Every structure is written in C-alpha cells, then in structure tokens.
Number of protein chains: 2
Amino acid sequence: MRPLVHPSIEDITVEGILHALSDPVRAAIYAELAISSGATCSNFLKISDREIPKSTLSQHFRALREAGLIRSERQGVEMRNSTRCEEINQRFPGLVMAIMKAHQVQAEERMRASKRKLAVSKSRSG
Amino acid sequence: MRPLVHPSIEDITVEGILHALSDPVRAAIYAELAISSGATCSNFLKISDREIPKSTLSQHFRALREAGLIRSERQGVEMRNSTRCEEINQRFPGLVMAIMKAHQVQAEERMRASKRKLAVSKSRSG
DNA sequence: TTCCATAGTTCATAAGTTACGAACTACTGG
DNA sequence: CCAGTAGTTCGTAACTTATGAACTATGGAA
C-alpha cells in the first residue's frame, strides 16, 4: 500500500485548491474538518443527506490531501484528518477563508429557498 | 446556433466558479478580462506562451460564461467579453478577488523560480 | 446580390477523469 | 491466528474535456 502523499507547502497550487473545493462533497468535508479537526474518513459516510460509498470517500480524501488542503495520519486502525489552513493561509492569504465563506452564504440561501418551497407546497395542499 | 447562456445572479454557484477558475487557461483569461474589459475571444489564441486552438478557446469562454463569471455580447463579427465581478462580489463578497490574488501570488513565485533556474544554468555553463 | 474574409460555434471522437463495487491491506483485541 | 473495523486499490462504466473539421454569423467589397 503506497504511503500517503502530502505536498510540501510550496508545491501547493491555486488550481489544485480550487479544483479540490469545487466538488460539493469535498467542500463539505473540508468545512466540517475546519470545525472539528481530527475526524476520521468514516465520519463522512453520510454527508448532507447523501450516502457516499467508502471507496469514493477514500478518493475524495486523497484529492483533498494531494491538493495540500488536509493532512491525514494513521492512528491505530483509523485515519485522523486535519486541515492545513494556517500554512495555506500564509501562502495564499484569505483564499480558503473566502471560499468557505462563499460556500456558507450559498448553504444559507439554499436553506431559505427550501423553506420557501415547503411553505408554498403546504399552502397549496392546505 | 443556440443563443448565449448567462445564468442569473442567483443561479451562480460557488462550485461553478471554483471549477471554472481551477483551469489555468480560464483563470488567465478571466484575469486579463478583469483588467482590459471588452476583449474578444481571439485576443487569447496565444496565452502564457501556449497556442490554444480556437475551438478549445470557445469552450473555455462558454465555461466562464455559464459559470456566470463573464458576460459575452456579439458586436459585429466579434464577441465582446467582460467580467461580472460586481454582481458576483455582491453575492459572494471577496471570493473572486481572493482567487485572483492567489493566482497572482503564484505567478510571481513562478517567475522568481524560473529566474533562479536560469541563473543556475548560466553559472553551470559559464 | 453574391462572394469573401473574419470571428466564433458545433459536432464527432479521442483522451483523460471520476464514481463505485469487489477485493484487497493494515491494524487491534480476543 | 482469527475476526472485525477502517481505509485503499483496482477494474470498469460513466462522465468530461480537448481538438480538428465543418459549420453559422456578420460585414465589407465587387
């Protein structure tokens, strides 16, 4: 089994970061990790109402890791993941924060939209 | 020929923006447009020392347009392109600016790196 | 008009990327 | 050593992207 690859800070690219975070599942994983550092992969088998197969999840973690966004370390039988946000923020100040903030804005909008929709369907049926 | 698609501001997604700007050619086009608004597609047939086939370029413009990053308008025989940065900045404050800034940091680093390399090869040969 | 040139789009397809089930490896406790 | 849990790898099907060739759209000249 090949060892985990973590790019050194100067090998991290903007393209890589953007690509990694342009996937909604990976963005959600990253956001969650930013809050609760040290989570394992299988903590995310269910994310935002979707079941993710574990092989897919493994690939998502690899993508985040090889883009330089997270660090993964084996701890016994499981994997502890944490963000590399301080490092990245030093190299690309404000980048990751702006992206996370935008994702949050969007999540809030979607929540509002789904509430509106629910209200409309209730008023139609009732 | 199907008409140009420009998403309305509320249909623009963070995923879409990140994906569009995760390609170095598209990021370069966008950066250039941010400075010199109104450029045409064929202004970019050569970008950062690379020849881009015009069909490929057309697809890149479509990607930027459908992600909501640029607006394209036919003007006579050509297409005038401009960024939608004010709109986007209203919805996702700071996002696009942070990305552009990061791309710039990286471009500067690469320039420094290539200069160092050149100096090394000169000192070896001389 | 008709024809030509310029600017860009579309289409077919080849090349590359991603998703996911099945089979694997790695570690732990009994 | 075995069983169980956590995660990885591999094969392949599905999707995406790049590009040449053929097309559309527009404007000007004959």
Side-chain angles (χ1 to χ4, degrees), chain A residues 1-6 13 15-30 32-33 36 38-67 69-82, chain B residues 1-6 13 15-30 32-33 36 38-67 69-82:
Chain A
M1 205 157 272
R2 83 172 75 103
L4 302 181
V5 174
H6 291 96
T13 66
E15 297 91 319
I17 291 174
L18 298 188
H19 179 247
L21 295 179
S22 73
D23 180 283
V25 172
R26 287 194 295 261
I29 291 173
Y30 185 85
E32 193 56 37
L33 279 179
S36 63
T40 68
C41 298
S42 46
N43 289 158
F44 298 97
L45 284 168
K46 200 167 178 190
I47 196 163
S48 45
D49 308 343
R50 239 166 66 69
E51 294 290 340
I52 315 277
K54 69 177 184 163
S55 60
T56 304
L57 206 54
S58 177
Q59 299 301 339
H60 281 318
F61 273 92
R62 183 150 84 103
L64 287 168
R65 191 164 53 236
E66 298 191 353
L69 283 161
I70 67 170
R71 191 177 295 285
S72 317
E73 291 169 288
R74 187 168 269 273
Q75 204 151 102
V77 75
E78 59 196 14
M79 215 69 144
R80 299 263 143 209
N81 297 285
S82 53
Chain B
M1 206 158 271
R2 82 173 75 104
L4 302 181
V5 174
H6 291 96
T13 66
E15 296 91 319
I17 291 174
L18 298 187
H19 180 248
L21 294 179
S22 72
D23 180 282
V25 172
R26 287 194 295 261
I29 292 173
Y30 185 85
E32 193 55 38
L33 279 179
S36 63
T40 67
C41 298
S42 46
N43 289 158
F44 298 96
L45 284 169
K46 199 168 179 190
I47 197 163
S48 45
D49 308 343
R50 239 166 68 68
E51 293 291 339
I52 315 275
K54 69 177 185 164
S55 60
T56 304
L57 206 56
S58 178
Q59 299 301 340
H60 281 317
F61 273 92
R62 183 151 85 103
L64 287 168
R65 191 163 55 236
E66 298 191 352
L69 282 161
I70 65 171
R71 192 176 294 285
S72 316
E73 291 169 288
R74 187 168 267 274
Q75 205 152 101
V77 74
E78 59 196 15
M79 215 68 144
R80 299 263 144 210
N81 297 284
S82 53

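This structure is a prediction, so every number in the text was calculated from the model and none was measured. So that the names make sense, note that chain A is the first sequence line, chain B the second, and so on, each numbered from 1.
- Annotation: side chain of A:Leu21 is in contact with side chain of A:Leu64 (closest heavy-atom distance under 4.5 Å).
- Taking all atoms of both residues into account, the shortest heavy-atom contact from A:Ala28 to A:Ile47 is CB-CD1, 3.6 Å.
- Here the side chains of A:Arg65 and A:Val5 are not in contact, with every heavy-atom distance at 4.5 Å or above.
- For the pair A:His19 and C:dT18, the criterion of a side-chain N or O lying under 4.0 Å from OP1 or OP2 is met.
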* Before giving the answer on side chain to side chain contact (heavy atoms under 4.5 Å, CB included), spell out for A:His6 and A:Ser72 the whole-Å C-alpha distance, their side-chain angles and the decisive distance to 0.1 Å. => CA-CA 8 Å; A:His6 291 96; A:Ser72 317; 4.3 Å; yes
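- Rounded to an integer number of Å, the gap from CD of B:Glu78 to P of C:dT9 is 12 Å.
- In this entry the distance linking CZ of A:Arg62 with C1' of D:dG7 reads 13 Å, nearest Å.
- Nearest approach of B:Leu33 to B:Asn81, heavy atoms of both residues: CD2-O, 3.5 Å.
- Between the P atom of C:dG8 and the CD1 atom of B:Ile29 lies a distance of 11 Å, rounded to the nearest Å.
- Here the P atom of nucleotide C:dT6 and the CZ atom of B:Arg80 are 17 Å apart, to the nearest Å.
- Rounded to whole angstrom, the span from the CG atom of B:Leu57 across to the C1' atom of C:dT6 amounts to 15 Å.
- Listed candidates were C:dT10, C:dG8, D:dG7. Nearest to the side chain of B:Arg2 is C:dT10.
- Here the side chains of B:Arg80 and B:Thr40 are in contact, with some heavy-atom distance below 4.5 Å.
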Atom pairs, N/O to N/O, protein against nucleotides 19-22 of chain C, distance under 3.5 Å?
from   : atom 1 : to      : atom 2 : distance (Å)
C:dC20 : OP2    : A:Thr56 : OG1    : 3.1
C:dG21 : N7     : A:Ser55 : OG     : 2.9
C:dG21 : O6     : A:Ser55 : OG     : 3.3

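- Inter-residue side-chain proximity for A:His19 and A:Arg26 is flagged as met; some heavy-atom pair is nearer than 4.5 Å.
- For the pair B:Phe44/B:Ile52, no side-chain contact is recorded, criterion being any heavy-atom separation below 4.5 Å from C-beta on.
- Neither OP1 nor OP2 of D:dA6 sits under 4.0 Å from any side-chain N or O of A:Ser58.
- Under a 3.5 Å cut-off, the side chain of B:Ser36 and the backbone N or O of B:Glu32 do form a donor-acceptor pair.
- Rounded to whole angstrom, the span from the CG atom of A:Leu45 across to the C1' atom of D:dT5 amounts to 12 Å.
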* Would you mind building the protein contact string for nucleotides 24-30 of chain D? One character per nucleotide, 5' to 3', B for base within reach (heavy atoms under 4.0 Å), S for sugar-phosphate only, - for untouched. => SBBS---
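- Here the nucleotide nearest the side chain of A:Arg65, chosen from D:dT8, C:dG8, D:dG7, is D:dT8.
- Between the CD atom of A:Glu73 and the C1' atom of D:dG7 there is a distance of 16 Å, given to the nearest Å.
- A straight line from CG of B:Leu4 to P of C:dG8 spans 11 Å, rounded to a whole angstrom.
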